[in-house]
Amino acid sequence: MSPPINTRHLRRLLSVVLAVALASTLTALVRPTPAAAAPGDLILNGTFDNGSTQPWWTRLASTSTTVNAGQLRVRTSATVGKPVWEDLVGHFEFGVTAAQPYRLQFDAAADVSRSLRVSVSRADTPFTSAVDQSVALTPTMRRFTFDFTSAFGDPKAVLLFHLGGQASSTVRFDNVSLSPLAVDPATDPILYWNGVLLRTYQALDLPPTSSSREAAILHAAMHDAAVSVTGVGNPYRVRVPVSYPGTMDNVVAPSLHAAIDRAAYDVLTALYGGQGQSYTQALAGAVDLRPSGVNTAEVARGDTVGAAAATANLQARANDGSGNNTPYQLDAVPGSWRPTNGKAAVSPNWGLVTPFALTSGRQFRPGLPAGVTGGYADLLGEQEYRDQVQEIRDYGGQTSSLRTPEQTQIAFFWANDLGGTYKPPGQLFSHTRIVSEQRQLGILANARLFGLVALALADAAIAAWDAKYQTPIDLWRPVTAIEAMGGAGWQPLSQDRAGVPYTPAFPAYISGHATFAGAWSAVMKRFFGTDAIAFDATTDDPHAQGVVRHMPGFDHAAEENALSRIYLGVHYRFDADAGLATGRSVGAYVYANRLRP
């Protein structure tokens, strides 16, 4: 957006302002002081009700300002053929915050029909604008309103009415205000595109491994786009250079919304476009949510930034090992995993995928189950192992008489294993959103929070699948263990939509749900500085429709999530305990080392 003036012009203008200030001291006894701004309003004397023109100023000495009938009347100079900023009326030195939404409002009219350009700009180079719009004035006073999100922070911003480039005229202003707006989750692009991601999860039957990876790429790209536009925070992969080309009348700042939207659209299209998913309508929906003060030039620059952020993050994961489809070889001994539902092992090589933050998938690898140091035979000989199998047999079966109704609810509430659900990562993203809305986070805070959660979940999947497949024990599931101990006919509570018993197709140790939950809780309590944030959690599982569970804190939610796998009959207690511990280590590491503020 165009700057009001260059550095030389600014110095000249400041000299004029100082001269005006000196002159005003000589008439202070007869001239009223400017009215204070209304609460939250950044503009002083925007109503002109006290008859004063202060602190409004003009650039040209030939431009006169008076207050008549509670309106500011500006007699402009004839500046035909000159830049629109040649003749200005403005208000200096109020602060704007990067990524904060604002509303600019004013009433204006002119004695002849003419155009008026209005901007909220930096007071120094680069002379970019947070909002830059043109309106058509007529002799009838009309109200103009522009909502915008500032692409930058500046403690000394300036509101400018650009009156140049036209024949002289008389322009009237009244009720000028610039106020910060409350956070509106419905218009937050980070929340919007995370919702699009969860709908993609529901449309495609994705394993939690690949879905967590793809979420991390998406949120890292959106985070990098936001950081690049605002200059606030540290990027994950790239800080896209933002220069300000153009003439003095056409220096353009990128739109924050457009940058995030383009990053998200490009990533999702690249990841899921080949699976029949189109995001054209989603992008159109995002455009509809943009503030009214965004202009086409800002959108074009935002698109450029977002596309670059998406490309950098996609390219960085192009050869990360996620495409390794080497078939899994069964160990085929007692205690070793074997298919439980006729399905091949899911993601057997995922523990070898390059992490997003960890040094390797084995960085926080837990010890073997029950603390054994040998192999399958040693584990099956342990009393702790036999006790844990019995616990699942007692509490995790379809016909258990020991499991309470609440434990049954807990089991299904956290399941989300089936196709058509948003899967375990999706549930944790959903809970992140619930807390974000409750705490009224803004765009930059959400970009960082969801980025950290996504990176932690992605690395939690890699760490959990390393423990499942890359260690000496690829532990069989409870249904197989119980059958081997004489429990023929026993089936887990876990079931598909038709009620058929169901066990996920990968080894038991460690629990992926528990690892995800531990990583999530570790990030959440560090981000908010406390574990004691209560929230009402929801689920997408078909066997717990409409269930809402109250969580007193993040650790409680994670622990309940981990225990749910015992009640569901698909995991042992040491799967849950080791998963939580591993996940917490992953989350703490991600928070300490990535997306620092």
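Note that the structure is predicted; figures quoted are calculated from it, not measured.
- Contacts classified as salt bridge (charged side-chain N to carboxylate O under 4.0 Å, His left out) and involving residues 177-197 (residues at least two apart or in different chains) are not found.
- Evaluation of the side-chain contact (heavy atoms from CB on, under 4.5 Å) rule for S228 yields R239, V240, V305 as partners, not counting sequence neighbours.
- Among residue pairs with one or both ends in residues 282-293, those qualifying as salt bridge (charged side-chain N to carboxylate O under 4.0 Å, His left out) are D261-R290; sequence neighbours excluded.
- For R433, the side-chain hydrogen bond (donor to acceptor under 3.5 Å, both in side chains) criterion is met by E437, not counting sequence neighbours.
- Not a single ring-ring contact (aromatic ring centres under 6.0 Å, His included) links Y591 to another residue, sequence neighbours left out.
- Shown here are the side-chain contact (heavy atoms from CB on, under 4.5 Å) partners of A537, two or more places apart in sequence or in another chain: F413, H431, F535, M551.
- Relative to the ring axis of F356, R594 does not place its NZ or CZ within 45° and under 6.0 Å from the centre.
- Under the side-chain contact (heavy atoms from CB on, under 4.5 Å) criterion, R439 pairs with V435, L441, F528, I533, sequence neighbours left out.
- For the salt bridge (charged side-chain N to carboxylate O under 4.0 Å, His left out) condition, the pairs that include at least one residue of residues 64-79, sequence neighbours left out, are R75-D111.
- Remark: T296 engages no residue in a side-chain contact (heavy atoms from CB on, under 4.5 Å) (not counting sequence neighbours).
- Residue pairs meeting the salt bridge (charged side-chain N to carboxylate O under 4.0 Å, His left out) criterion with at least one partner in residues 212-234, sequence neighbours excluded, are R213-D320.
- Not counting sequence neighbours, the partners of S77 by the side-chain hydrogen bond (donor to acceptor under 3.5 Å, both in side chains) test are S62, T63.
- Sorted by first and then second residue, the pairs that involve residues 146-159 and meet side-chain hydrogen bond (donor to acceptor under 3.5 Å, both in side chains), not counting sequence neighbours, are R103-D147.
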